[in-house]
There are 2 protein chains.
Amino acid sequence: MNLQQLRYVREAVRQNLNLTAAANRLFTSQPGVSRQIKELEDELGMKIFVRRGKRLVALSEPGKLVVEIIGRVLDETENLRQVGREYHDRDSGSLVIATTHTQARYSLPLVVTGFKRRYPKVRLTLQQGNPPQLARMVLDGDADIAIATESLDHVPQLLALPGYSWTHCVVVPARHPLARAPRLTLEDLARYPIITYDPAFTGRTHIDTAFAARELKPDIVLSAIDADVIKTYVDLGMGVGIVAAMAFDARRDKRLRAIEAGHLFGTNTTRVAVRRGAVLRGYAYAFIEMFAPHLSRPVIEKALAGEGELYEL
Amino acid sequence: MNLQQLRYVREAVRQNLNLTAAANRLFTSQPGVSRQIKELEDELGMKIFVRRGKRLVALSEPGKLVVEIIGRVLDETENLRQVGREYHDRDSGSLVIATTHTQARYSLPLVVTGFKRRYPKVRLTLQQGNPPQLARMVLDGDADIAIATESLDHVPQLLALPGYSWTHCVVVPARHPLARAPRLTLEDLARYPIITYDPAFTGRTHIDTAFAARELKPDIVLSAIDADVIKTYVDLGMGVGIVAAMAFDARRDKRLRAIEAGHLFGTNTTRVAVRRGAVLRGYAYAFIEMFAPHLSRPVIEKALAGEGELYEL
DNA sequence: TATCCTTACGGAATTCGTAAGCATG
DNA sequence: CATGCTTACGAATTCCGTAAGGATA
């Protein structure tokens, strides 16, 4: 048994049991992958994969268990490298933040600039994706930290800590009737075509459940990933927008008006997620703390230790 | 990085940083171990060990972390092999029970015979030692299950489940004055020289604390690891014995009398311990259940999953 | 001076990539 | 017939053990 064999198995699973694809991703030859996997199976005395003819078509029953354990082994070897990097040079290395457009555009710029000033030698990368993709990036080790508002807290292998809370607002053209309404209601809102976030993003579930609770069927004419797109179409008169309050800037969005809508859609919590069991670089803790000052290193480490525990704001 | 290097590091630590001893235990050459460790250090970009001249004298600060992670990696690779064995042949393999003399002699014989009848192809080994040694055997992977009454539940990396409860009894020669006493008290007992278990064994702590609570200083003239030795010296008139009740057999110990002493020393709990995170063979679960019927496989698996949780009788 | 780690070197074993073979959809 | 896994073989790399060197208690 060796680590190479384990890496091959993991990659084969990630590539949907396609050994050719796995070999390409690992920059090696396909026969090599094939042989190493077979040798591992021989050594363990069992088949990890179910083959039909010459193709891998499924994981065997014990294979599922094996793959799970292999994941843990390789995660821990990655932790070893991380420890090495940390003690080799404490303040240089790389940090990959997987996040949504909303965070990257509105809540992270200040954090990123502050971080770069403090840790100039760290290569900082922002990866964008929808929340399930972000979760996968962190789980696969392609990103160190995920920051998003939706669905990070449903993945058991992730530790998702609350970063900050925010509410939605409704944006309308300056002379829109809603801009003069006294106190906005969901019924008012449902009378107009609506432009808001894609279902996977930025508190969209809160919007949907709020309407559903009143048995309203809003006419969502357009959904987009980011507030800039939404505001553009609101400005064009296509409908009223529902965006995160932080995405409205009275100075820049002069032709629009924002109406606070926390009473309609509730409070959203943007979370910071890391892989449970991961060793984080010191500056990764620093980044998280810059983003959410209450998430200090000891707080995070304590949350990582007390596995099942929930931690709320 | 490869698994061999990790094994070398782990063994070096286990052998108190003596690479020669580590090489011997792993049936390889000492320069090989030396070189592989150096190469691992080079790859991680840090020193795992602190060297004075040419000797390893300590673990470096990051080295401690590295060794901890290495332990997890190697434990998981052992789990992989275990899965292989389980699916290769469900009912054959080996099972090592680390236990004390008392258990091996008085509580396990029935279990062992029943187990052997059900799983004739399993090589069953009983290892004896004092409780701290038993814990170490399980942690080092030299034993699968530890069974003992003392101190197994203080090791965080072990899951120690209650197996059964028992009390002490006092054994005296047939015509000893205590044999006629109405209801035994600690004060009565403290008047005679006492023979009982070694401090690390079989509920000895309960005995000590019981006397200490009454500020009595018993004269313990001899301590031994097992009840057979104790009973022998009681028979010779050296003193009165305190042993586990199950160790007294009225038919065989004809020249002695037993006096129930649960009201003096309280109830003891013999525990079954396995390494947290270990994959157990199916028959290992079966053994535990034969030993303590309430510890069924689902119960154990649930306890292994809910990490911090305590489970009591 | 005995113990113990490092360095040096030659041989053995393993690994790897290319090329060819063959099954599947 | 294109895709994808297996087998075969020669080359390259890695690994390992012996022998010698040097430091420490």
Side-chain angles (χ1 to χ4, degrees), chain A residues 1-60 63 66-67 70 73-74 77 80-81, chain B residues 1-60 62-64 66-67 70 73-74 77 80-81:
Chain A
M1 186 193 309
N2 60 52
L3 292 173
Q4 196 77 316
Q5 294 168 339
L6 306 188
R7 268 182 229 116
Y8 288 176
V9 171
R10 178 173 69 175
E11 196 58 40
V13 173
R14 287 188 179 169
Q15 300 300 322
N16 292 311
L17 314 187
N18 181 327
L19 298 193
T20 308
N24 287 335
R25 276 218 49 160
L26 296 172
F27 304 105
T28 185
S29 71
Q30 179 273 317
V33 173
S34 191
R35 182 154 16 92
Q36 290 297 328
I37 289 181
K38 187 187 305 293
E39 280 176 15
L40 177 61
E41 290 183 324
D42 288 347
E43 181 173 346
L44 295 182
M46 47 158 278
K47 293 289 179 196
I48 298 172
F49 299 102
V50 177
R51 291 161 173 80
R52 185 155 59 226
K54 291 199 167 183
R55 313 228 163 167
L56 311 195
V57 296
L59 279 170
S60 71
V66 164
V67 165
I70 286 177
V73 172
L74 295 176
T77 62
L80 281 178
R81 294 201 178 81
Chain B
M1 187 192 309
N2 60 51
L3 291 173
Q4 196 78 313
Q5 294 167 340
L6 305 189
R7 269 182 228 114
Y8 288 176
V9 170
R10 178 173 69 175
E11 197 56 41
V13 173
R14 286 187 180 169
Q15 300 300 322
N16 292 312
L17 313 187
N18 182 328
L19 297 193
T20 307
N24 287 336
R25 276 216 49 157
L26 296 173
F27 304 105
T28 184
S29 70
Q30 179 273 318
V33 173
S34 192
R35 182 153 18 91
Q36 291 297 328
I37 289 181
K38 187 187 304 295
E39 280 177 15
L40 177 61
E41 290 184 323
D42 287 348
E43 181 173 346
L44 295 181
M46 47 159 280
K47 292 289 180 199
I48 297 172
F49 299 102
V50 177
R51 291 162 175 79
R52 184 154 59 226
K54 291 200 167 185
R55 314 222 165 173
L56 311 195
V57 294
L59 279 170
S60 70
K64 291 175 193 165
V66 164
V67 166
I70 285 177
V73 172
L74 295 176
T77 63
L80 281 179
R81 286 184 234 279

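Being a predicted model, the structure only gives us computed values, none of them experimental. Order of the sequence lines fixes the chain letters, A, B, ..., with proteins taken first and strands second; residue numbering starts at 1 for each chain.
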Student: Nearest-Å distance, CG (B:Leu26) to P (D:dC16)?
Tutor: 11 Å
Student: Report yes if a side-chain nitrogen or oxygen of B:Gln36 is closer than 4.0 Å to either non-bridging phosphate oxygen (OP1 or OP2) of D:dT14; otherwise report no.
Tutor: no
Student: For C:dG25, take OP1 and OP2 only and decide whether either is under 4.0 Å from a side-chain N or O of A:Arg52.
Tutor: yes
Student: Ignoring the backbone of B:Arg35, work out which of D:dC15, D:dG4, D:dG17 is nearest its side chain.
Tutor: D:dG17
Student: Consider the side chain of A:Lys54, meaning its heavy atoms from C-beta on, and name the nucleotide among C:dT7, D:dC5, D:dG17 that approaches it most closely.
Tutor: D:dC5
Student: Hey, which sits more toward the 5' end of DNA chain D by its nearest nucleotide, A:Arg51 or A:Arg55?
Tutor: A:Arg55
Student: With respect to the phosphate group of C:dC16, does any side-chain polar atom (N or O) of A:Gln30 fall under 4.0 Å of OP1 or OP2?
Tutor: no
Student: By nearest nucleotide on DNA chain D, pick out whichever of A:Leu17 and B:Glu39 is the more 5' one.
Tutor: A:Leu17
Student: Starting from C1' on D:dC5, measure out to CD1 on A:Ile37 and report it in whole angstrom.
Tutor: 11 Å
Student: It should be established whether A:Asn2 places a side-chain nitrogen or oxygen under 4.0 Å from OP1 or OP2 of nucleotide C:dT14.
Tutor: no
Student: Can you find a side chain N or O atom of A:Ser29 that sits less than 4.0 Å from OP1 or OP2 on C:dT18?
Tutor: no
Student: Measure from the side-chain heavy atoms of B:Gln4 and tell me the nearest of D:dC16, D:dT7, D:dG4.
Tutor: D:dC16
Student: What nucleotide, of C:dC4, C:dC16, D:dT18, holds the atom closest to the side chain of B:Asn18?
Tutor: C:dC4
Student: Report yes if at least one side-chain N or O of A:Thr20 is closer than 4.0 Å to OP1 or OP2 of D:dT3; otherwise report no.
Tutor: no
Student: From CZ of A:Arg7 over to P of C:dT15, roughly how many Å is that when rounded to an integer?
Tutor: 13 Å
Student: To the nearest Å, give me how far apart CG (B:Asn24) and C1' (C:dT3) are.
Tutor: 13 Å
Student: When you compare the side chain of A:Leu40 with that of A:Tyr8, does any pair of heavy atoms fall below 4.5 Å?
Tutor: no
Student: Applying side chain to side chain contact (heavy atoms under 4.5 Å, CB included) between A:Leu59 and each of A:Val50, A:Val66, A:Val9, A:Ile48, report the one that passes.
Tutor: A:Ile48
Student: Quick one: label B:Gly53 by what it contacts on the DNA or RNA (base, sugar-phosphate, nothing), any heavy atom closer than 4.0 Å.
Tutor: sugar-phosphate
Student: Starting at atom CZ of B:Phe27, determine the distance to atom P of D:dG17, rounded to an integer number of angstrom.
Tutor: 12 Å
Student: How many Å lie between CZ on B:Phe49 and C1' on C:dC5, as a whole number?
Tutor: 13 Å
